[in-house]
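The structure appears below as structure tokens.
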Amino acid sequence: MWCSRTALGRLQRIAPCTVTGFHRAMSMLPKVFVTRKVPPDGLDILRTSGQVQFEMWDSDDPVPRVELLKKVKGCDAILCVLTEKIDAQLLEAAGPNLKVVSTMSVGFDHLSLDELKKRGIRVGYTPDVLTDCVAELTVALLLATSRRLIEATHEAKTGGWGTWRTLWLCGHELANSTVGILGLGRIGVAIAERLKPFKVKKFIYTDVEPRPELANMIEAEYVSLDELAKQSDFLAVCCALTPETHGICNWNLFSKMKKNAIFINTSRGGVVNQEDLYEALSTGLIAGAGLDVTTPEPLPTHHPLYTLKNCVILPHIASASYTTRNAMSALAANNLLAGLRGEPMPKELIL
Ligand SMILES: O=C(O)[C@H](O)CO
């Protein structure tokens, strides 16, 4: 259903048999396809803007690709989430009207940036608004993994809790540790800020080049990837998934890490070679891993990583708070509307 806001503020269906002046005017508005049921704040912004008519895939599940290719036809803008591949095929299907793609995510590995650039399509994304939420979850996952919380609750529930034992369910603590950050951006800084009160001794990071402005905020030292692996007691992956970072966390990295090291990934599953990680965890090469992201997603329930007690797997929930998901949807809507007006977007990816 294509809809926009009526003068009375209600959603209006555009039916060819009831064409009025109002409906005619409205059908001239730019067409937007929203690929998923987005949280209410973003939806309200689109509805009340009076600037667009939009259709939404009104479901919590992804729109099937065949359907998506039909729905985007003739659209001026698309508001998508990270499960939709915005590639040449989709852009061809959308056609020449398409001016804006706005993704409700900070990650943009699902977008073919070259194809978008070639067509002069502007791209909005949602950094910053999710930083606190992602950092908070990363710390939670790190502690759950290093202090073996999931294993511990399982033992308590299933009768494994006998007497108090001296080394039972011992983990690794943050005090006096070295925390390494692979890919230092806003999220890496926010994680370090939260970890500092746990009396971390030292923060180190690696990236394509030193990032002194960010690093100074957390007094982090720039090191090579090898040094990051060697020195980190906790290694948090915060980099974007790009051709350069694809599979960067592999045997080569794990084999240099400490035996007591905890590996945490809240960026994208594609940065990790999961076979290598399985080997590293199952042979005791490293102590544990906490993953909020995997390849594929969802990770099939029979995946070997689930069999490991020292691997905590979450279903990609780092930004999943009501506040943050609403803020992401609002920013995605505002990016889209600004893009269609030809104005600077609040958060635009410069292609
Ligand atoms: O890219 C993102 O926005 C996160 O992975 C999902 O919240």
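Every number for a ligand or one of its atoms is a count from 1 in the order of the listing.
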Exactly which residues line ligand 1, taking a heavy atom under 4.0 Å from it as the test?
Leu82, Ser105, Val106, Gly107, Leu130, Arg268, His316, Ser319, Met328

Can you pull out every ring pair (Phe, Tyr, Trp, His ring centres under 6.0 Å) where at least one residue sits in residues 66-89? Sequence neighbours excluded, please.
none

Any donor-acceptor N or O pair under 3.5 Å, side chains Arg325, Ser319:
yes

Please enumerate all residues that pass salt bridge (Lys or Arg N to Asp or Glu O under 4.0 Å) together with Arg147, with sequence neighbours excluded.
none

Is a side-chain donor-acceptor pair under 3.5 Å present for His110 with Thr103?
yes

What I want to find out is whether Asp76 reaches Lys31 closely enough, with some N-O distance under 4.0 Å, to be called a salt bridge.
no

Could you list the donor-acceptor pairs under 3.5 angstrom formed by side chains in residues 241-250, with sequence neighbours left out?
residue : atom : partner : partner atom : Å
Thr242  : OG1  : Glu244  : N            : 3.2
Thr242  : OG1  : Glu244  : OE1          : 3.2
Thr242  : OG1  : Thr245  : N            : 3.2
Thr242  : OG1  : Thr245  : OG1          : 3.3
Thr245  : OG1  : Ala240  : O            : 2.7
Thr245  : OG1  : Thr242  : N            : 2.8
Thr245  : OG1  : Thr242  : O            : 3.3
Asn250  : OD1  : Asn252  : N            : 3.2
Asn250  : OD1  : Leu253  : N            : 3.3
Asn250  : ND2  : Gly247  : O            : 3.2

